[in-house]
Amino acid sequence: MDDIVPVKTNKVVKPRPLQAASIPGLLGIFQNEWDALMLSNFALEQQLHTARQELSHALYQHDAACRVIARLKKERDEARTLLAQAERQIPSLVAGAAPAAVVSNGKRAMEDEIGPDGKKIRPGINPVMIEELTECNTMLSAQRKKRQVPPTLAPIDALERYTQISSHPLHKTNKPGILSMDIHPLKDIVATGGIDTNAVLFDRPSGQILCTLTGHSKKITTLKFVPRDELFVTGSADKTVRIWQESENGNYNCIHTLKDHTAEVEAVTVHATQKYFVTASKDNSWCFYDISTGSCLTQVGEASGQEGYTSASFHPDGLILGTGTTDSVVKIWDVKTQAQAATFKGHVGPVTAMSFSENGYFLATAAHDGVKLWDLRKLRNFRTFSPYDSETPTNAVEFDVSGNYLAIGGSDIRVYQVGNVKVEWNLIKTLPDLSGTGKVTSVKFGADAKYIAVGSMDRNLRIFGLPGDDQMEESNTAAE
């Protein structure tokens, strides 16, 4: 009783309203109360429906989140297992592949030890490798003299009729631009590297993207197929080179990330044996790698701020390496001794691209002032193409595999018939740059020059060829 508080209420009773004095008035009051009750009930039902929707949405999101977490946990566990397996295998692989490079604590001394001049000690190109390179060179040189023009090669009159037969948007729209390209010699797969940091592998006959390789943090400047072990090498402005291995499901996994350069990697070129490759960088050095282990055997050049390498290419026989620099010089190296064998001067601007002819005698180099052709026997420039005005650099130059055609890329694409030092090199066809950017960055001939793949500063890979050759491609283009 102590807790009960008396409630003081007004004793005055509210008088009945005038309407309540009659039956119609009472009915009106009841009607108004009924309407108010129904409206209140309707509002409650609406709130209940909204709450149910929100609850179901929240439950769906929770379920999706649980699934994602479960998948990520599974992937993490698989990655941990693979890492543990790799860690168990690495010591035995290193011990078997390079016993000289292992020291007592199990580290790779050759790769990690720093010499007195502050540079990493490299194992170098050993005599066994030099012998292998020399044998390869002798064999290829002997074959080269007997080479015939393949009967399946596209004739000149076919190239004169080439038009765009398909265009494929492979890269992101927010960072357009294809900077590099390579074509798999056996499978008709075109690989493109873009400003969007991705490399895309594209199956030309079917018109399908096979896979997109992500991992680099900056634009991909160069890439190459290594068909022998189904490997793929990419170089990037993030100063790294990545080696990718094709897996059973057709995707490529990164097996090595190489961090020997201190500036943008501008070029990758693979040796004819497909066991070694060279990378050239703007840090004014080039590195010679063993492709199976991803180890840098030797690094040639001193890092300097004045110049750097912008292009590189192996001679088809493999004992000569050509490099182009930012200060418009072309340097020819003897791979066995890593000594400079020749220097070609005369270009204006950085040497953007280079290509050796399959006959082994000619080198084509592209720079701001056009394309120069060099005779490797007499070490001289015997012809210069300046197809564009002084404001338009030439970004791409490429001999086809047969050595019969030469393509040049700048504000358009020009295809020349290969002559020799005395015979004129005739312009067969000029293909327009349909990207609208006026900057063709890479040109590659397909097998037997049956098509020409072109990359520009937009996101599309364009294929030029004979319109009737491939119905599949026409239908793809129509679909796009």
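Numbers here simply count residues along the sequence, with the first being 1.
Across all their heavy atoms, Y252 and L213 have their closest contact at CB-CD2, 3.5 Å. Between K282 and A263, the closest heavy-atom pair is C-CB, 3.8 Å. Taking every heavy atom of both residues into account, A280 and A312 meet most closely at CB-CB, 3.8 Å. Of all heavy-atom pairs spanning V348 and D369, the tightest one is N-OD2, 3.2 Å. Heavy atoms only, all atoms of each residue included: L186 and P227 are closest at CD1-CB, 4.4 Å.
A distance-only check finds a donor-acceptor pair linking the side chain of H271 to the backbone of T273 [under 3.5 Å]. Distance alone, capped at 3.5 Å, places no donor-acceptor pair between the N460 side chain and the R462 backbone. Listed for the D400 side chain is a donor-acceptor partner under 3.5 Å among the backbone atoms of Y405. Using modelled atom types, one side-chain atom of S247 and one backbone atom of N251 make a donor-acceptor pair closer than 3.5 Å. With hydrogens and angles disregarded, a donor-acceptor distance shorter than 3.5 Å links the side chain of D283 to the backbone of T262. Between the side chain of T323 and the main chain of S311, no donor-acceptor pair closer than 3.5 Å is present. In this structure a side-chain-to-backbone donor-acceptor pair under 3.5 Å is missing from S386 to G370. Side-chain N or O atoms of T352 include one that pairs as donor or acceptor with a backbone N or O of A366 at under 3.5 Å.
In summary, E398 and K444 engage in a salt bridge, as defined by a charged side-chain N under 4.0 Å from a carboxylate O. For the pair E246 and K187, the salt-bridge criterion is met [side-chain N within less than 4.0 Å of a carboxylate O]. A salt bridge links D188 and R204; the closest N-O separation between the charged side-chain nitrogens and carboxylate oxygens is under 4.0 Å. Here D334 does not pair with K336 in a salt bridge; the nearest charged N to carboxylate O distance is not below 4.0 Å.
Under the 3.5 Å distance criterion, with hydrogens and angles disregarded, a donor-acceptor pair is assigned to the side chains of Y276 and E132. Of the N and O atoms on the side chains of N137 and T134, not one donor lies less than 3.5 Å from an acceptor on the other residue. Inspection of the D433 and S456 side chains reveals an N or O donor paired with an N or O acceptor under 3.5 Å. In summary, the side chains of E266 and T310 do not present any donor paired with an acceptor at a separation below 3.5 Å, with no hydrogens or angles considered. Between the side chains of S141 and D317, a donor-acceptor pair is found at a separation under 3.5 Å. Between the side chains of H216 and T234, at least one donor N or O sits under 3.5 Å from an acceptor N or O.
To the nearest 0.5 Å, atoms CD1 (I332) and CG (L376) are separated by 6.0 Å. The line from CG of L231 to CD1 of I291 is 5.5 Å long, rounded to the nearest 0.5 Å. The distance from atom NE2 of H184 to atom NZ of K224, rounded to the nearest 0.5 Å, is 13.5 Å. To the nearest 0.5 Å, atoms OH (Y388) and CD1 (I408) are separated by 6.5 Å. To the nearest 0.5 Å, the span separating OG on S295 from NE2 on H256 amounts to 8.5 Å. Distance check: S236 OG to K219 NZ gives 9.0 Å after rounding to the nearest 0.5 Å.
For the side chain to side chain contact (heavy atoms under 4.5 Å, CB included) test, residues two or more places apart in sequence or in another chain that qualify with V200 are L170, H171, T192, I209, T212.
Heavy-atom contacts from other residues, nucleotides or ligands closer than 6.0 Å to NZ of K331 number more than 12. For Y361, the OH atom is loosely surrounded, since the number of other residues' heavy atoms within 6.0 Å does not exceed 12. Applying the 6.0 Å contact sphere to CD of E131 captures no more than 12 heavy atoms from other residues, nucleotides or ligands.
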Determine, step by step, whether T365 and F344 satisfy the side chain to side chain contact (heavy atoms under 4.5 Å, CB included) criterion, reporting the C-alpha distance in whole Å, the side-chain angles of both residues, the deciding distance to 0.1 Å, and the verdict. CA-CA 10 Å; T365 56; F344 297 145; over 6 Å; no

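Ring geometry for F382 versus F362: interplanar angle of 30 to 60°, hence tilted. Between F232 and F225, the angle of the ring planes lies from 30° to 60°, which puts this pair in the tilted group.
When side chains are defined from C-beta on, L258 does not count as touching T240, because their heavy atoms never get closer than 4.5 Å.
Aromatic pair H168/F202: ring centres closer than 6.0 Å. Aromatic rings of F464 and Y451 (six-membered ring for Trp) have centroids beyond the 6.0 Å cut-off, not under it. The aromatic ring centres of W425 and Y416 sit 6.0 Å or more apart.
Of the candidates L434, T430, V440, T430 is the only one forming a side chain to side chain contact (heavy atoms under 4.5 Å, CB included) with D412.
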